[in-house]
Amino acid sequence: MQSIAVIGPGAVGSIAAAWLAQNPELEVTICARSPLSDLIIETPDGPVAAEPWVLTDPTGALTVDWVLIATKAYDAQSTAPWLERLVGTTTRIAVLQNGVEHRERFAGLVPPEQILPAVVDIPANRTGPGRVKQHRYGTIFVPAGADGDAFVKLFAHTKIAVATDTDIRTRMWQKLCLNSAGAVPALTLQATGPVWSPQLASILRALVEECAAVGRAEGADIPQEVIDRVVDNGSRSSPEGGRNSLEADRFYGRPMELDARNGVIVRLGRKHGIATPMNSFFVTLLGASGSPWVR
Ligand SMILES: NC(=O)c1ccc[n+]([C@@H]2O[C@H](COP(=O)([O-])OP(=O)(O)OC[C@H]3O[C@@H](n4cnc5c(N)ncnc54)[C@H](OP(=O)(O)O)[C@@H]3O)[C@@H](O)[C@H]2O)c1
């Protein structure tokens, strides 16, 4: 029996917890900020239901074998009271978040060598407490190695394609190239497809080119075709699984993962002496508009 605590039962956390709980050999506990009773995930093939333990008070948490963190990036520090109790010297901590700073976000909270960055591509959205629509089974990639292999085994019984990658840095940055472009619909509050124009394409391209330049300086392999694909995708209507999450968050007045998706490009660009005017422009404008909760 392995014990797993999932911190943050939103779209990604609920999906991970519900699928893991299908294996009776795994003891799944949800660490929630807001109460919920059970989980029902609407998958492409019908509902997957689960009734894991739910804790809303960290004082009741015990040390586990695995912690999966699935809060939004800006809520990383707020998980401290959970991590204090859940993490022992052998606990492995998978961070299921967007961006490229999975370890840095938890600096000072847990030992970095116990962290496993996870690159998640599971289009999903929350429809209520413990209720999630999983539009596609999707993928999760973790770094190659013993911990990565153990993480893959946890999900062996699920329909989510979980695998290791020998170059997780490249995978993170290629995903960030895609996510950085989300700043455009977040500002216009429209999917790019319907309002596509050559001018919009050049703005999108500049955002992604800057991301690629900084990613390459950080050691990621980002071929030109990755950039071209993101720009090409922008000309289409909403991708499978609905709207861009940055746009949706701004639309609904929720906090945005602006720093994890575009701010990081500006910050790391500065470190490498790479100019990032387009990302800086969007970070400034989005930060000054709409959502009162930009972080
Ligand atoms: N959704 C997707 O399709 C998708 C796809 C790929 C990657 N991602 C990435 O995955 C990460 C999670 O995204 P998401 O869409 O699942 O977010 P989400 O639906 O907003 O869920 C985040 C959850 O974390 C909870 N939370 C926040 N702070 C907490 C704390 N201190 N203790 C316990 N729970 C806490 C929130 O509680 P409340 O219920 O109180 O709000 C919420 O349930 C993000 O980095 C996102 O970019 C998402």
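Note that ligands are numbered from 1 as they come in the structure, with each ligand's atoms numbered from 1 the same way. Since we're looking at a predicted model, the values are computed, not measured.
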Just checking Glu51: does its CD atom have more than 12 heavy atoms from other residues, nucleotides or ligands closer to it than 6.0 angstrom?
no
Using modelled atom types and a 3.5 Å cut-off, is there a donor and acceptor pairing between side-chain atoms of Glu210 and backbone atoms of Asn279?
yes
Using a 3.5 Å distance criterion without hydrogens, assess whether the side chain of Asn244 forms a donor-acceptor pair with backbone atoms of Glu247.
yes
Which parts of the protein, at residue level, reach under 4.0 Å of ligand 1 through a heavy atom?
Ile7, Gly8, Pro9, Gly10, Ala11, Val12, Cys31, Ala32, Arg33, Ser34, Ala70, Thr71, Lys72, Asp75, Ser78, Thr79, Trp82, Leu96, Gln97, Asn98, Val120, Ile122, Pro123, Ala124, Arg126, Lys175, Glu257
Does the Lys175 side chain pair with the main chain of Val120, one donor and one acceptor, at a distance under 3.5 Å?
yes
Spacing of Ile160 atom CD1 and His157 atom NE2 [to the nearest 0.5 Å]:
8.5 Å
For the side chain to side chain contact (heavy atoms under 4.5 Å, CB included) test, which of Val162, Leu26, Asp65 pairs with Leu154?
Leu26
